[in-house]
Amino acid sequence: MYEPKIIGFLCNWCSYAAADLAGTSRIQYPSNMRAIRVMCSSRIDPEHVLRAFVNGADGVLIAGCHPGDCHYISGNYKTERKYVLMRKMLEQFGIDPRRLRLEWCSSAEGGKFAQVVTEMTEELRTLGPIQLGAGD
């Protein structure tokens with residue numbers, strides 16, 4: 001059975017802590033995501049997302065602090081603007097933009113984090129393996 005590979009770029013202050021809370025609370029969710037901790041979601045360059053897909057990821061999750069709660073004041077607003085552009089860029093490269101997801105998870109939302117990973121895994125299973133260069 002096909003199991004998608006997800007790269008998760010997680011904000012150090014909120015989303016990475018939410019993932020940690022989900023784990024310590026023993027909340028079950030698929031193990032399809034590999035977490036990369038970043039200091040702020042705004043530090044994720046579109047090149048990082050493209051590189052993840054080129055290197056075999058079927059999906060990319062960007063998760064950060066809720067708008068207004070960023071430890072760097074406006075980082076998540078910058079992330080949101082980049083996200084819109086990244087989805088358009090993926091379409092131009094023939095990659096289904098549903099393979100990129102942006103979510104806000106505070107450090108107290110371990111359950112929400114687990115739900116996001118579960119939903120994304122199920123959606124990617126439906127989409128099937130990524131076929132770069134074949135019009136995904």
Smallest separation among heavy atoms of Arg125 and Asn32, with atom names
NH2-OD1, 4.4 Å

Looking at every non-hydrogen atom in both residues, tell me the closest pair between Glu123 and Arg98 and how far apart they are.
OE2-CD, 3.5 Å

Indicate the atoms forming the closest heavy-atom contact of Gln28 with Ala114, along with that distance.
O-CB, 4.3 Å

Can you give me the closest heavy-atom contact between Ile95 and Arg99, atom names plus distance?
CG2-CD, 4.0 Å

Please check if the side chain of Ser25 supplies one atom and the backbone of Ala22 the other of a donor-acceptor pair under 3.5 Å.
no

Evaluate whether atom CG of Leu85 has more than 12 neighbouring non-hydrogen atoms of other residues, nucleotides or ligands under 6.0 angstrom away.
yes

Which one of Val116, Thr121, Val117 satisfies the side-chain contact (heavy atoms from CB on, under 4.5 Å) criterion with Met33?
Val117

In sequence, state the C-alpha distance, the side-chain angles, and the governing distance for Ile62 and Val49, and then conclude on side chain to side chain contact (heavy atoms under 4.5 Å, CB included).
CA-CA 9 Å; Ile62 299 171; Val49 173; 4.3 Å; yes

Output yes when a side-chain donor or acceptor of Asn76 lies under 3.5 Å from a complementary backbone atom of His66, and no otherwise.
yes

Is Lys112 reaching over with its side chain to a backbone N or O of Trp104, donor-acceptor style, under 3.5 angstrom?
yes

Between Phe9 and His48, what is the ring plane arrangement, given parallel below 30°, perpendicular above 60°, and tilted in between?
tilted

Nearest-0.5 Å distance that lies between atom OH in Tyr2 and atom CG in Leu124:
5.5 Å

Please report the interatomic distance CD1(Ile27) to OG1(Thr118), rounded to the nearest 0.5 Å.
10.0 Å

Which residues pass the side-chain hydrogen bond (donor to acceptor under 3.5 Å, both in side chains) test with Ser41, not counting sequence neighbours?
Thr79

Looking only at non-hydrogen atoms, find the nearest pair between Arg101 and Glu119 and report the distance.
NH2-OE1, 2.8 Å

Would Leu102 end up clustered with Met86 when hydrophobic side chains under 4.5 Å apart are linked, directly or stepwise?
yes

Quick check for you: to the nearest 0.5 Å, what is the distance between Phe113 atom CZ and Tyr29 atom OH?
5.0 Å

Going through the distances and angles, do Glu122 and Thr126 end up as a side chain to side chain contact (heavy atoms under 4.5 Å, CB included)?
CA-CA 6 Å; Glu122 290 170 2; Thr126 303; 5.7 Å; no

Evaluate the side chain to side chain contact (heavy atoms under 4.5 Å, CB included) criterion for residues Phe53 and Val60: first the C-alpha distance (whole Å), next the side-chain angles of each, then the deciding distance (0.1 Å), finally the verdict.
CA-CA 8 Å; Phe53 284 119; Val60 175; 3.8 Å; yes

Quick one: salt bridge (Lys or Arg N to Asp or Glu O under 4.0 Å) pairs with a partner in residues 58-87, sequence neighbours left out?
none

Quick check: is Tyr83 connected to Met39 through a chain of hydrophobic side chains (ILVMFWY, heavy atoms under 4.5 Å apart)?
no

I need the Leu61 CG to Cys105 SG distance, nearest 0.5 Å.
7.5 Å

Identify the heavy atoms of His71 and Cys65 that sit nearest to each other, and give their distance.
ND1-SG, 3.9 Å

Point-to-point distance, once rounded to the nearest 0.5 Å, from CG of Leu127 to CE of Met120
9.5 Å

Go through Leu10 and Arg37 one step at a time and tell me if the side chain to side chain contact (heavy atoms under 4.5 Å, CB included) criterion holds.
CA-CA 5 Å; Leu10 311 179; Arg37 185 189 323 199; 5.8 Å; no

Under 3.5 Å: donor-acceptor pair, side chain of Tyr77, backbone of Gly68:
yes

Do Ile36 and Leu50 belong together in a cluster built from hydrophobic side chains that touch within less than 4.5 Å?
yes

For the hydrophobic clusters of this structure (ILVMFWY residues joined by side-chain heavy atoms under 4.5 Å, transitively), does one cluster hold both Met89 and Leu100?
yes

